[in-house]
Chemist: 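Would you mind keeping the following structure in view while I ask a few things?
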Amino acid sequence: MTAHLSMDQLIALRDDDRSEPGMGEALQHFAACIHCQSELEQLHQRTARLRALPSLAPSTNEFPAVHARVTVARQRRSRAAASLGLAIAATAVFTLITRDLVHPKRLDAEQLLQSEITQSQQLEHKLTAWNSDQRVINGRTAILVIQLENKIAQLDAEIAESAKMEQQAARVENEIKLWQQRVGLMNALVDVHLSKAGNVGL
Amino acid sequence: MDAMSLPDADAVIARARLGDPVALEALYRAYSTPVYNLSRRICRTTEDAEDILQETFFEVCRSIRNYRGDGSIWGWIRSVASSKALMRLRRNKYRDTDELNDEIAPARGASTALRMDLESAMDRLTDTARAVVWLHDVEGYTHEEIANQMGKTVSFSKSQLARAHTRLRNYLGEEALA
Ligand SMILES: [Zn+2]
């Protein structure tokens, strides 16, 4: 009598898999061996028990976090394009200013504005490089991220609005304030994503 | 599963494609439990399963525009979920040798007191063997599909399935009836 069937052969028998080698001989053995017949029956029962295991349901609702991440990903894509536009618009002011009489106070303001924009852009790069919209977040973080993203979007609208101001000096003054707020929010966003949500104080 | 858990599936999918959050949430409600169950059965911990649930639906929301409707929506969501679960296993990679598992398995013929229930026995399998037996025997994936998702060969998938059943048989303390 040939050897009992291997587990591979029993599974091939269960699944009617003809590609398993040596099945002809195995079938002959199987027909005459109660041990192997019993093993196959157990395999069937084990499979049925696996399929009958209760369906496990999640205890948390992940949808708010999913929705937050989808929204953030969308906002970030449009912001990447928009904020570049805002920075270019702001830089255009400098050209106008420097074309005027070079005023030391205005030069300071110009430098300050430039440095805020640069900082904001660096933080934006940091978030993108870290792929913050691709990471799993919890419900609390999701709420914070959405709040911050919305505030940044609001600020961007204000910055765009500011570009319409007639008076150049007042415009620079206003934009410095707005970009400073933007840097603050971007920092908070980086913090939230680095799981320092507790420090954000929103 | 489709018709039962998602009435008016076509309309919901059409709206979800346009990014309608209500439709996306309807998809989540209909399929979060099977996605979670698959993830939890493959990855063993609730934390991993919750992460995979979120990852899966994030991907579903982003990519539903690419779903062509040529298979069932559940088939598509499930393939996203299983690939996320397998990715998680690769990332964790903390237990994929089973020498240790063999030591703690009851010897053949051990007393019935030592027999494990099926869930504990599944937990003791290596990550790969557990994933293969679940995907093949419960979810109904073919060895070709599993091999594809795992980046392995068909014979690898087959041998992992046989290994899983041999281990389960021993852990459950099953004896041949004759
Ligand atoms: Zn036999």
Side-chain angles (χ1 to χ4, degrees), chain A residues 4-15 17 19-21 32-74 77 131 133-139 141-142, chain B residues 19 21 24-29 32-41 46-62 84 88 117-119 121-122 133-134 136-140 142-143 154-155 158-159 161-169 172 174-178:
Chain A
H4 289 311
L5 269 63
S6 66
M7 189 57 85
D8 294 87
Q9 291 173 320
L10 287 166
I11 292 172
L13 210 54
R14 179 197 68 177
D15 297 345
D17 176 2
S19 67
E20 183 68 21
C33 177
I34 337 171
H35 173 86
C36 285
Q37 289 165 13
S38 146
E39 287 287 349
L40 181 66
E41 181 49 33
Q42 279 189 346
L43 176 61
H44 275 300
Q45 285 176 11
R46 201 158 51 239
T47 311
R49 284 178 66 198
L50 275 174
R51 291 182 184 149
L53 281 175
S55 182
L56 304 169
S59 58
T60 56
N61 179 7
E62 295 291 324
F63 190 75
V66 170
H67 183 54
R69 289 176 61 191
V70 172
T71 310
V72 166
R74 202 181 304 132
R77 270 197 306 277
N131 239 347
D133 57 340
Q134 302 290 321
R135 292 174 189 253
V136 170
I137 54 177
N138 63 34
T141 309
Chain B
L24 292 169
E25 189 165 10
L27 280 181
Y28 178 88
R29 277 174 205 272
S32 55
T33 296
V35 164
Y36 177 83
N37 187 50
L38 179 148
S39 317
R40 174 71 182 68
R41 293 298 182 192
T46 50
E47 292 76 19
D48 280 343
E50 283 166 3
D51 284 358
I52 294 163
L53 178 59
Q54 188 181 122
E55 286 289 353
T56 299
F57 279 94
F58 179 56
E59 186 69 43
V60 165
C61 292
R62 288 195 327 162
K84 299 280 176 200
R88 175 63 58 128
D117 64 66
L118 183 55
E119 295 197 353
M122 281 290 280
V133 74
W134 190 264
H136 188 275
D137 283 6
V138 182
E139 301 290 342
T142 63
H143 286 296
V154 166
S155 65
K158 284 186 176 180
S159 72
L161 182 63
R163 167 192 284 238
H165 273 290
T166 305
R167 297 284 187 274
L168 287 177
R169 181 194 183 285
L172 294 167
E174 289 173 0
E175 291 303 307
L177 304 172

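Computed from heavy atoms alone, side chains included, the values below leave out hydrogens, waters and symmetry copies. Order of the sequence lines fixes the chain letters, A, B, ..., with proteins taken first and strands second; residue numbering starts at 1 for each chain. The model shown is predicted, which means the values in this text are computed figures rather than measured ones.
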Chemist: State, yes or no, whether a side-chain contact exists between B:Asp137 and A:Arg46 at a heavy-atom distance under 4.5 Å.
Modeler: no

Chemist: Among residues 6-13 of chain A, which ones touch chain B with a heavy-atom distance under 4.5 Å?
Modeler: A:Met7, A:Asp8, A:Ile11

Chemist: Could you check if a side-chain atom of B:Gln54 sits within less than 4.5 angstrom of a side-chain atom of A:Pro58, using non-hydrogen atoms only?
Modeler: no

Chemist: Hey, what do you get for CZ (B:Arg169) to CG (A:Leu43), rounding to the nearest 0.5 Å?
Modeler: 10.5 Å

Chemist: Sort out for me which of A:Arg14, A:Gln37, A:Glu20 touches chain B most, counting heavy-atom pairs under 4.5 Å.
Modeler: A:Arg14

Chemist: Any side-chain heavy atom of B:Leu24 sitting closer than 4.5 Å to one from A:Phe63?
Modeler: yes

Chemist: If you measure from CG on B:Leu53 to OG1 on A:Thr60, what distance do you get to the nearest 0.5 Å?
Modeler: 7.0 Å

Chemist: Between A:Asn61 and chain B, with a heavy-atom cut-off of 4.5 Å, which part of the residue counts as in contact: side chain, backbone, both or neither?
Modeler: both

Chemist: Quick check for you: among A:Cys36, A:Ala65, A:Ser55, which has the greatest number of heavy-atom pairs under 4.5 Å with chain B?
Modeler: A:Ser55

Chemist: With sequence neighbours left out, write down each residue that passes side-chain hydrogen bond (donor to acceptor under 3.5 Å, both in side chains) with B:Thr166, or none if nothing qualifies.
Modeler: none

Chemist: Are any of the side-chain heavy atoms of A:His67 and B:Cys61 separated by less than 4.5 Å?
Modeler: no

Chemist: Answer yes or no: is there a side-chain heavy-atom contact under 4.5 Å between A:Glu62 and B:Glu55?
Modeler: no

Chemist: Report yes if some heavy atom in the side chain of B:Arg41 is under 4.5 Å from a heavy atom in the side chain of A:Leu56; otherwise report no.
Modeler: yes

Chemist: So which of B:Glu25, B:Lys158, B:Arg62, B:Glu59 has the biggest tally of heavy-atom pairs under 4.5 Å with chain A?
Modeler: B:Glu25

Chemist: In terms of heavy-atom proximity below 4.5 Å to chain A, should B:Leu161 be classed as side chain, backbone, both, or neither?
Modeler: both

Chemist: First locate atom CG of B:Leu172, then atom CZ of A:Arg49, and finally report the distance between them rounded to the nearest 0.5 Å.
Modeler: 5.5 Å

Chemist: Provide the closest heavy-atom pair for B:His136 versus A:Asp15 in the form atom of the first, atom of the second, distance.
Modeler: CE1-OD2, 3.2 Å

